[in-house]
Colleague: 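Quick one: this structure, given as structure tokens, is what I'll be asking you about.
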Amino acid sequence: MNKNQQTLKIFVVLILSTSYVFGFSHYGPRALGALFASEKGYLPGTAVGTINLEGKTPKEALSLLQDAIADWKANNSFKLHFKEKSIELEIDRFTFDPEGTVSSIVDGRQNAVQVSLDERALIEWIEKISPSLIGEEIDLKNLGNSLTEPAKKLETGEVSFRLDRFLANIQSDQEVIASGTIDVKEPSYELELAVNELSGMKIEGNSEFSIIRALDSNGLSSLSPMALSMLATSVYIAVLETNFDILERNISKELPEYAKLGSEASVDQTSGKDFIFKNPNVDKFELSFSYIGNKLTAEIKGSKFLYEYKAVADGEEQFQPKVIKQYSPYLKDGQVKITKEGKPGSIIKMYREIYSQGNLLDTQFMGEDYYPPIHRVEVHALQDGVTQQQGGTAAESPAGNIESPPPAEGNNQPEFEIPEQTERVQAPSQQDPDFDSSDDGPLWGKPNEVPK
């Protein structure tokens with residue numbers, strides 16, 4: 001019995017010794033190789049993001065990766081867009097794991113940086129765009145993966161993402177988001193022709209739109225300035241109810257009958273006056289016209305805006321015309337001839353108010369329209385005792401009216417001509433450089449205007 005136990009013990013010792021020798025000789029090199037692998041450089045083709053790690057040790061790779069992540073954070077910009085709003089994303093909300101990245105590097109291959117975004121950051125960003133989106137079904141996992149994809153490759157530069165790609169119930173229906181209507185007193189064949197040709201013009205995203213260029217491209221370059229201005233005025237009224245940027249707008253010397261104060265947009269191809277605006281949104285829109293009865297309407301169709309835009313007028317004033325008196329020896333005593341009827345001048349300021357869920361967010365100044373008064377010109381009979389003033393200049397009467405001197409002897413001109421104002425009045429941002437407000441003195445100058 002004791003002899004058998006001794007034999008069994010010897011047999012077990014021999015087995016364990018043999019297993020140890022065999023295992024160490026077989027697996028030892030692998031274990032030692034793994035232990036000292038960190039001292040060897042990576043194989044050709046090994047990279048993490050944009051970092052080439054060929055020949056680099058893991059310690060060197062970690063240092064290079066940390067520097068690259070710091071550089072990425074300092075030189076990168078992320079933006080999230082939804083409709084007309086865009087926000088900047090905080091780069092420090094991206095969480096990098098350089099140690100985990102190095103430990104998982106596969107030799108000879110392109111490797112991604114390990115980076116993640118907390119779901120709370122995504123929700124905060126969405127709420128910053130619009131609190132009303134919080135109740136919407138949003139694919140947060142896909143949104144987070146898309147945002148971190150450039151970070152995994154350490155790609156630098158400005159990166160933009162559209163949030164509507166990750167909304168489950170996004171509305172893509174085209175609807176009328178803004179419209180402008182003017183009254184047309186006389187029937188116009190030109191407007192009928194233009195409306196038939198101008199059906200569904202595209203307003204591309206991040207692009208400018210010119211009335212003249214649009215009409216030229218549709219073969220309507222021969223329209224009269226009156227028809228062009230009517231079309232432009234209806235479009236301008238609609239544009240005020242959007243977030244579009246107005247680049248050029250002109251007005252006439254006198255407010256036309258079809259336009260209300262603050263709503264005119266004058267267009268004339270001959271003089272180079274155009275109406276140009278820009279669509280700053282990623283989405284494109286559609287511009288259409290209708291001419292029914294005596295109403296000309298411009299409609300802008302597209303995806304509904306995130307905010308509500310309203311056109312508001314303020315600061316309206318009127319300026320009464322003066323009476324310019326002239327004298328003529330060809331009129332009988334007490335006879336008065338009216339050569340020009342007077343008309344009050346006016347001024348108004350236009351603003352765009354921006355609302356979110358009924359709350360006023362911002363007010364933008366859009367422009368100031370000024371129409372100078374047209375003075376009344378009366379020709380009176382030459383009165384006894386009235387003498388011509390030296391130099392032939394007009395004199396102001398005690399009542400504030402402007403009186404022209406009687407004609408000099410031998411002057412065969414029965415009446416005096418009043419110089420006409422010829423400048424083009426534009427929106428404040430596009431004032432005509434040829435305009436000189438000092439030409440006509442107090443007759444035509446804008447009230448309280450500072451000479452330029």
Side-chain angles (χ1 to χ4, degrees), residues 183 185-186 224-226 229-230 233 250-264 266 268 270-271 273 316-348 368-426 431-432 434-449 451:
D183 293 327
K185 292 186 177 181
E186 298 293 334
S224 67
M226 174 69 77
S229 297
M230 286 182 173
T233 297
N250 303 279
I251 63 174
S252 309
K253 190 175 76 171
E254 295 183 44
L255 180 66
E257 292 184 352
Y258 59 80
K260 295 180 180 179
L261 187 60
S263 69
E264 183 198 4
S266 178
D268 188 344
T270 305
S271 60
K273 297 195 309 183
E316 180 178 353
E317 292 184 57
Q318 278 201 341
F319 311 104
Q320 296 304 315
K322 293 183 178 181
V323 177
I324 299 176
K325 292 183 179 181
Q326 298 176 345
Y327 295 90
S328 172
Y330 300 96
L331 296 181
K332 297 179 181 180
D333 288 344
Q335 186 178 2
V336 178
K337 184 177 180 181
I338 308 301
T339 60
K340 184 180 291 186
E341 292 288 350
K343 186 178 180 181
S346 56
I347 189 171
I348 196 169
E368 181 181 83
D369 292 359
Y370 171 66
Y371 299 91
I374 299 175
H375 300 295
R376 176 184 175 90
V377 180
E378 299 178 353
V379 181
H380 293 254
L382 188 62
Q383 301 175 5
D384 293 337
V386 176
T387 60
Q388 182 180 3
Q389 298 181 23
Q390 186 176 1
T393 58
E396 187 171 348
S397 68
N401 297 330
I402 299 176
E403 300 185 4
S404 296
E409 301 219 3
N411 187 352
N412 295 324
Q413 297 294 333
E415 297 178 356
F416 288 85
E417 292 295 328
I418 303 301
E420 295 278 347
Q421 182 186 18
T422 59
E423 79 277 13
R424 181 180 72 191
V425 181
Q426 297 181 330
Q431 289 291 346
D432 191 339
D434 297 329
F435 170 68
D436 183 1
S437 62
S438 63
D439 286 347
D440 295 315
L443 295 185
W444 306 108
K446 181 177 174 181
N448 302 321
E449 182 176 22

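Computed from a predicted structure; not experimentally measured. These values consider heavy atoms only, across backbone and side chains, with no hydrogens, waters or symmetry-generated copies.
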Colleague: With Glu186, which residues qualify under side chain to side chain contact (heavy atoms under 4.5 Å, CB included), at least two apart?
Modeller: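 Side chain to side chain contact (heavy atoms under 4.5 Å, CB included) check on Glu186 returns nothing, list empty.
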Colleague: Taking only residues two or more places apart in sequence, or in another chain, which ones meet Lys185 in a salt bridge (Lys or Arg N to Asp or Glu O under 4.0 Å)?
Modeller: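 Scan of Lys185 (salt bridge (Lys or Arg N to Asp or Glu O under 4.0 Å), adjacent residues dropped) gives Glu257.
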Colleague: Nearest 0.5 Å, what's the NZ-OG distance between Lys253 and Ser266?
Modeller: 13.0 Å
Colleague: CZ/Arg376 to CD1/Ile338 distance, rounded to the nearest 0.5 angstrom?
Modeller: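 It is 3.5 Å, given to the nearest 0.5 Å.
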Colleague: Restricting to salt bridge (Lys or Arg N to Asp or Glu O under 4.0 Å), what partner residues turn up for Glu316, sequence neighbours left out?
Modeller: none
Colleague: CG/Leu261 to CG/Asp369 distance, rounded to the nearest 0.5 angstrom?
Modeller: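 Those atoms lie 6.5 Å apart.
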Colleague: Mind checking what makes side chain to side chain contact (heavy atoms under 4.5 Å, CB included) contact with Pro225, not counting sequence neighbours?
Modeller: Asp268
Colleague: Look at the aromatic rings of Phe319 and Tyr370 and report parallel, tilted or perpendicular, splitting at 30° and 60°.
Modeller: perpendicular
Colleague: Is it the case that the side chain of His375 and the backbone of Lys322 share a donor-acceptor pair, with hydrogens and angles ignored and the cut-off at 3.5 Å?
Modeller: yes
Colleague: Which value, rounded to the nearest 0.5 Å, describes the distance between Ser252 atom OG and Lys273 atom NZ?
Modeller: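 Between atom OG of Ser252 and atom NZ of Lys273 there are 5.0 Å.
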Colleague: In Å, rounded to the nearest 0.5 Å, how long is the span from CD of Glu341 to CD1 of Ile374?
Modeller: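 Result: 10.5 Å between the selected atoms.
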Colleague: Rounded to the nearest 0.5 Å, how far apart are CD of Gln326 and CG of Leu382?
Modeller: 13.0 Å
Colleague: Going by the rule side chain to side chain contact (heavy atoms under 4.5 Å, CB included), which residues pair with Ala259 if we only count those two or more places apart in sequence or in a different chain?
Modeller: Thr233, Leu255, Pro256, Ser263, Glu264
Colleague: Check salt bridge (Lys or Arg N to Asp or Glu O under 4.0 Å) between Lys343 and all other residues, then give those that pass, not counting sequence neighbours.
Modeller: Glu254
Colleague: Would you call Lys337-Glu378 a salt bridge at under 4.0 Å N-O?
Modeller: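 Salt bridge: no.
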